[in-house]
Each structure stands twice: as C-alpha cells, then as structure tokens.
Amino acid sequence: VLCLTHPTDPRWAGLALADLPVLLADHAHCEMKAASNALSLSTRWPAPTRVAGALAALAEEELRHFRAVLAELDRRSIPLGRPEIDGYAAELRRLAAGSGRQSPEGSLADRLLVGALIEARSCERFRLLADALAARGDALGAFYDELFAAEARHFTALVDLAIEVDRDEPRVRERLAHLARAEGALAARLGVRPTIHG
Ligand SMILES: [Fe+2]
Ligand SMILES: [Fe+2]
C-alpha cells in the first residue's frame, strides 16, 4: 500500500477487532495527534503561507475525524482513557531528526514526510479493518472505508507539501524512500497489538 515497505501482519485486524474498546480509544487519540501535529507544523518556520493554509485545513479535517471517533466511543459507552505513549510516532520523528545537517526547509520537509508515512500506515490498517468489519456485516466497516480514503489523500497531500517546501522533488522522493524503509523496520519490530500503529 502506498510507499510502505513492510505489510501489516495478517493477524492484526482480527486481534484489533477482538479488543474494540482499546482500538477505538487508541484511534481517537491518533486523530487528535494528527490534528495537533498538522496545526503545529502549519506555523513551523519556514512554511510558506500556502503550505500553512493547507496544513490548517488538514488539521480541521483530522479534528472532524477525532469528533467522529469520539461519537463512536460515546455510542458504545467506551471511555477515551489516557493516551498511550506513542513510541511509533516518536521513533519516526527521531529517525527524521537524526539525519544529520539539514536546511530548515529540509527538516520541515522531513517532518511532513514522517506525517505522510503515519497516514500511509493508518490508511493500510483502516483498509484491513474495513474489510474485516464488512465480512462480519458490521456497519462500522463503512466508517473505516471513508477514513481509508481520507488517509490515502492525506498521504499524497503531505508528500506534495514536502516537495513544495523543499523545492527538490527527486531529493524528497529519495528521503521518502529512506524514511519508508525505516518505518517498515519499526513496524516489523513493534509486533502485533490492538492499536492503530501497534
Ligand atoms: Fe484522520
Ligand atoms: Fe489523516
């Protein structure tokens, strides 16, 4: 799927659906983090105003996703609970930051690419959930179907924004391939847990 180098373990969707309260609460936290990350990157120097505007619009959409997942939790009387420590996202940002000397444009482009990879992984997993739910005739499948399409769009949008910031498309594509290999190794190491990125 997209640029991912390591496919999710086929057991993951079954495991995640067996623990729906944990999965949905984790998913809600992920949407909030996506919104907050997009909003924070929108004001990060040296983002051009057009890029800042696109990131603010992305933050609004992620906020709508957050509210939609909160409504699903509410419907099922599942508490939101505390956010888990997000080792996956933290490790990805660390990998991007540890890439040596970079221009401010290059560092911002890397942060956008890390965001794009998180979108790609969510997108892959929402597809698996949508299919597993549809096979059970569960209406939640349509919800994940919609989110799958949104995350696929976000992946492309964030890669395009990284190119706009860096203004060197071949370099950005090369960085994306490098970070995607690191993301694949990380996903393989994390094993199978009932969370969106676990
Ligand atoms: Fe989202
Ligand atoms: Fe997204």
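Atoms within each ligand, like the ligands themselves, are counted from 1 in listed order.
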*Angle subtended at the Fe ion (ligand 2) by H154 ND1 and E119 OE2, rounded to 10 degrees*: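 Output for this angle: 110°, rounded to tens.
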
*May I ask you to check whether T8 and E124 show a side-chain donor-acceptor distance below 3.5 Å?*
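A pair is found: one side chain offers a donor N or O, the other an acceptor, under 3.5 Å apart.
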
_What I want to check is whether the side chains of E61 and H154 have a donor and an acceptor closer together than 3.5 Å._
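Present: a donor and an acceptor within the cut-off.
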
*Can an N, O or S atom be found in E61 less than 2.8 Å away from the Fe ion (ligand 2)?*
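So E61 does not bind the Fe ion (ligand 2) by this criterion.
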
*Quick one: sort the F143 and H27 rings into parallel, tilted or perpendicular, breaks at 30° and 60°.*
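It falls in the tilted class, 30° to 60°.
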
*Hey, which N, O or S atom on E151 ends up closest to the Fe ion (ligand 1)?*
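It is OE2, the N, O or S atom of E151 closest to the Fe ion (ligand 1).
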
*Name of the E62 atom (N/O/S only) found closest to the Fe ion (ligand 1)*: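 The nearest such atom is OE1.
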
*asked:* Any non-hydrogen side-chain atom of D145 less than 4.5 Å from a side-chain atom of F126?
replied: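 No, side chains not in contact.
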
*ND1 (H65) to the Fe ion (ligand 1) to OE1 (E31): angle, nearest 10 degrees?*
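Vertex at the Fe ion (ligand 1): approximately 100°.
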
*Pair E169 + R173: basic N to acidic O under 4.0 Å*: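 Result for this pair is yes, salt bridge flagged.
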
